[in-house]
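The model shown is predicted, which means the values in this text are computed figures rather than measured ones. Each chain gets a letter, A, B and so on, in the order the sequences are listed, and its residues count up from 1. Basis for what follows: all heavy atoms, side chains included, without hydrogens, waters or symmetry-related copies.
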Amino acid sequence: GAVVSQHPSWVICKSGTSVKIECRSLDFQATTMFWYRQFPKQSLMLMATSNEGSKATYEQGVEKDKFLINHASLTLSTLTVTSAHPEDSSFYICSARDHRGGSGELFFGEGSRLTVL
Amino acid sequence: RKEVEQDPGPFNVPEGATVAFNCTYSNSASQSFFWYRQDCRKEPKLLMSVYSSGNEDGRFTAQLNRASQYISLLIRDSKLSDSATYLCAVQNTGGFKTIFGAGTRLFVKA
């Protein structure tokens, strides 16, 4: 299946700093990528849809100025958590659809576990 | 009401048991449906897509009931390695958004 790679897999930072997470589609081009967040024992919550060459579409309740998304190429989307606070500590997962075949299922990156001290 | 709802469980079953999970969705316009498996602290991995005609993959059978807006997953002959959280996912028209249920936890014990 399609491969999506995410980096870093885990990060610990101080409150107030910014953290950038990268998501790459390794063997296909992804015009659209999706960013999810998952708190312990909870569902994956869609944060935003990242669109190559245009602005991301954010879900209701997600602050676009806090979670900056850049999708500058067909294989790379980045999520920057700005001025991170302890409540931003979570598991952030990116995903993409491989339009070449299949039934439209999402392929996920390995996830990035963020801990804000 | 949540867009996608699942019984969180946990389901505790012995090896060899048959277990079934259900998932309901609220958007009648949803077009594509999936079951994912998520192991602890890992990303979700696709288990199977769910088709209107139902589909089977080895010990796993998925069913879709559009009229009642629910999907199901049946696991036969449970293995210890089946222990995980099972997420149902519903995709809207055009596949631009996929919404996940909260997951159902399964523990298979020897």
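Ranked by heavy-atom pairs under 4.5 Å with chain A, the first of B/Lys45, B/Gln38, B/Arg105 is B/Gln38. In terms of heavy-atom pairs under 4.5 Å with chain A, the best-connected choice from B/Gly103, B/Pro44, B/Ala89 is B/Pro44.
A salt bridge is absent between B/Asp39 and B/Arg41; no separation between the charged side-chain nitrogens and carboxylate oxygens falls under 4.0 Å. The pair A/Lys20-A/Glu22 fails the salt-bridge criterion, with no side-chain N (NZ, NE, NH1 or NH2) lying under 4.0 Å from an Asp/Glu carboxylate O.
Only the side chain of A/Ile93 comes within less than 4.5 Å of a heavy atom of chain B; its backbone N, CA, C and O stay farther away. Looking at B/Gln6, there are no atoms closer than 4.5 Å to chain A (heavy atoms on both sides), in backbone or side chain. Both the backbone and the side chain of A/Phe108 come within contact range of chain B, judged by heavy atoms closer than 4.5 Å.
The distance from atom OG1 of B/Thr104 to atom CH2 of B/Trp35, rounded to the nearest 0.5 Å, is 6.0 Å.
Looking at A/Ser77, A/Ser112, A/Ser95 one by one, the single match for side-chain hydrogen bond (donor to acceptor under 3.5 Å, both in side chains) with A/Gln6 turns out to be A/Ser112.
With A/Phe91 as the aromatic partner, A/Arg113 meets the cation-pi criteria of under 6.0 angstrom to the ring centre and within 45 degrees of the ring axis.
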